[in-house]
Amino acid sequence: MRTKIKDILLSDKLDYEVVVKGWVRSFRNNQFIALNDGSIIDNVQVVINDNSDEALLKNIQTGAALSIEGKVIASQGKGQKVEIVATKVDILGGCDPEQFPLQAKNRPSLEYLREIAHLRFRTNVFGAVFRVRNSIAFSIHKFFNEKGFVYLHTPIVTASDAEGAGEMFRVTTLPFDNPPRKEDGTIDFSEDFFGKSTNLTVSGQLEAELAAMALGEVYTFGPTFRAENSNTARHLAEFWMVEPEVAFNDLQDNMNLAEEFMQYVIKYVLDNNKEDLAFLQERLINEEKQKPANERSEMTLLEKLNFVVENKFERITYTEAIDILLQSKPYQKKQFKYEVSWGIDLQSEHERFLVEKHFKKPVIVTDYPKDIKAFYMRLNDDGKTVAAMDILAPGIGEIVGGSQREERLEVLESRMNDMHIPLEEMYWYLDSRRFGTAPHAGFGLGFERMVLFITGMTNIRDVIPFPRTPGNAAF
RNA sequence: UCUUCCUUAGCUCAGUUGGUUAGAGCACCUGACUGUUAAUCAGGGGGUCGCUGGUUCAAGUCCAGCAGGGAGAGCCA
């Protein structure tokens with residue numbers, strides 16, 4: 001039976017027989033194999049003391065898959081506590097060194113690795129990133145499960161085009177070169193697979209609200225699609241989103257949930273991915289060595305994560321945020337590109353100032369002007385603002401967006417009319433306000449943005465296995 | 001989509017005011033090597049300078065267009 005390398009390295013046991021299987025990271029001196037099986041970032045050293053089989057030694061190439069039988073002993077050399085003395089070496093799959101790009105001493109860039117995303121799992125960086133990504137996903141389910149939330153699967157194909165969260169990808173089986181048309185020349189979607197026009201979902205929120213109004217506490221966690229032509233280090237066309245929705249919660253409850261949730265997830269990774277985080281922290285330090293000193297992080301990755309777990313997020317209203325910006329040095333020195341006044345949407349430069357310069361920690365901004373927020377957010381008593389909340393994270397920007405929902409039917413209908421959202425098509429959503437409506441609140445967390453924050457990676461394309469972005473759907 | 005930078009060997013990069021046969025480190029190949037740690041040592045092979053067109057006696061170098069990529073912005077998670 002195969003033993004995982006993680007179990008060997010983290011155990012104090014010695015002098016026992018094992019079978020290990022993994023991939024060669026390097027082969028030194030025709031004698032020492034650094035073997036990795038993905039269970040942990042570190043390699044185990046396999047020692048071959050019999051050099052008589054030259055053909056075998058020749059085939060122990062970087063990247064080759066091996067099965068090793070041997071004995072775990074205290075290492076005879078420095079640099080590792082234990083090593084495996086091989087008694088039998090089988091080559092499961094060779095790896096032509098002339099073809100395989102990931103040689104031990106190569107220093108491939110993240111951009112280059114993105115082009116060979118099918119192979120980049122085999123590097124330390126991506127091994128660490130995807131183990132951490134898994135821990136984040138698992139701890140999200142664990143958090144909500146422990147709190148009694150119901151994990152809800154909302155549809156990926158949706159007929160609703162009123163979610164208002166961005167451009168959508170059309171889903172159709174109609175022939176694109178000659179679709180059926182109505183008399184007025186428009187495409188006849190009654191002939192389409194679902195009998196109507198359908199798209200990939202941009203959010204499961206509206207459906208989650210319906211379930212919350214019966215099950216009480218639900219969350220979604222699934223893929224989300226936006227057809228925007230966004231070319232940035234923090235946007236994907238296909239990404240994963242977590243959307244809790246809770247009946248009877250108000251905005252304060254919503255903020256408390258979001259903050260507790262983020263701290264729980266970070267704590268879980270701190271406790272369960274120590275080796276990966278230590279490696280990612282070193283990677284970040286090395287990357288930032290190439291930047292000017294004033295652009296480097298003030299805290300190391302682990303310091304930052306511990307700080308976020310141990311300190312309350314700053315909570316301010318939109319109106320207070322505008323006041324802070326108006327009194328800020330960059331505003332008074334006219335260093336902001338965009339103007340600041342009550343009613344504007346906060347720009348990246350404003351968010352970055354608040355989070356990275358002024359408060360130096362995650363900030364929850366609440367009560368935005370109603371005109372810059374979605375129709376479903378609850379109108380405040382002032383008639384000007386809505387019970388919205390965005391969590392802004394250092395280096396990432398908006399990581400969570402949420403609100404208390406408008407539960408009053410007349411107010412909701414009035415808001416939808418103002419924003420030209422067809423009420424008839426949304427009868428099913430409005431029914432939740434007609435039949436036993438109740439205050440409720442929820443938020444959406446960009447999963448990959450959370451992975452960015454925790455791993456210290458800087459491009460969102462490097463924290464999802466196969467990124468989909470405008471002009472790119474390889475693999 | 002906008003602004004800006006980049007594209008030279010498998011990878012990471014250098015290449016001066018345009019001027020002989022385009023360089024380095026690592027990787028790779030051959031050989032040596034049984035206590036190495038990104039092993040080391042000796043030798044060797046490897047280039048359509050992103051693509052297309054232009055200027056010039058002469059273009060990796062200058063100009064234009066296109067493609068791909070990075071960073072920033074908008075949109076947002």
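First the proteins, then the strands, lettered A, B, ... as listed; each starts at 1. Because the structure is predicted, anything quoted here is derived from the model rather than measured. These numbers come from the heavy atoms of this one structure, side chains and all, not from hydrogens, waters or symmetry mates.
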Worksheet item: Reckon A/E83 touches a base, only the sugar-phosphate, or nothing at all at heavy-atom distances under 4.0 Å?
Response: base
Worksheet item: When we call it a touch if two heavy atoms are under 4.0 Å apart, what does A/R25 touch: a base, just sugar-phosphate, or nothing?
Response: nothing
Worksheet item: So, is A/Q347 close to the B/rG74 phosphate, meaning a side-chain N or O under 4.0 Å from OP1 or OP2?
Response: yes
Worksheet item: What integer distance in Å separates A/N49:CG from B/rU36:P?
Response: 13 Å
Discussion item. Should the side chain of A/R28 and the base of B/rU36 be counted as holding a donor-acceptor pair, with the cut-off at 3.5 Å?
Written reply: yes
Item to complete: Would you mind classifying the nucleic acid contact of A/D50 as base, sugar-phosphate or nothing, using non-hydrogen atoms under 4.0 angstrom?
Response: base
Extract from the structure each pairing of a protein N or O with an N or O of nucleotides 7-10 of chain B at less than 3.5 Å, listing the distance.
unit_1, atom_1, unit_2, atom_2, d
B/rG10, N2, A/N106, OD1, 3.2

Identify each atom pair where a protein N or O and an N or O of nucleotides 4-6 of chain B are less than 3.5 Å apart, giving names and distance.
none

Worksheet item: So what does A/L236 hit on the nucleic acid, given a heavy-atom distance under 4.0 Å: a base, only sugar-phosphate, or nothing?
Response: base
Practice prompt. Measure from NZ or CZ of A/K304 to the centre of the six-membered ring of A/F453 and say whether it is under 6.0 Å with the direction within 45° of the ring axis.
Written response: yes
Worksheet item: According to a strict under-4.0 Å criterion, is A/S109 in side-chain N/O contact with OP1 or OP2 of B/rU12?
Response: yes
Discussion item. Just to be sure I understand the rule, does A/F443 reach a base, reach only the sugar-phosphate, or reach nothing, if contact means heavy atoms closer than 4.0 Å?
Written reply: nothing
Worksheet item: B/rC29 P sits how many Å from A/F27 CZ, rounded?
Response: 13 Å
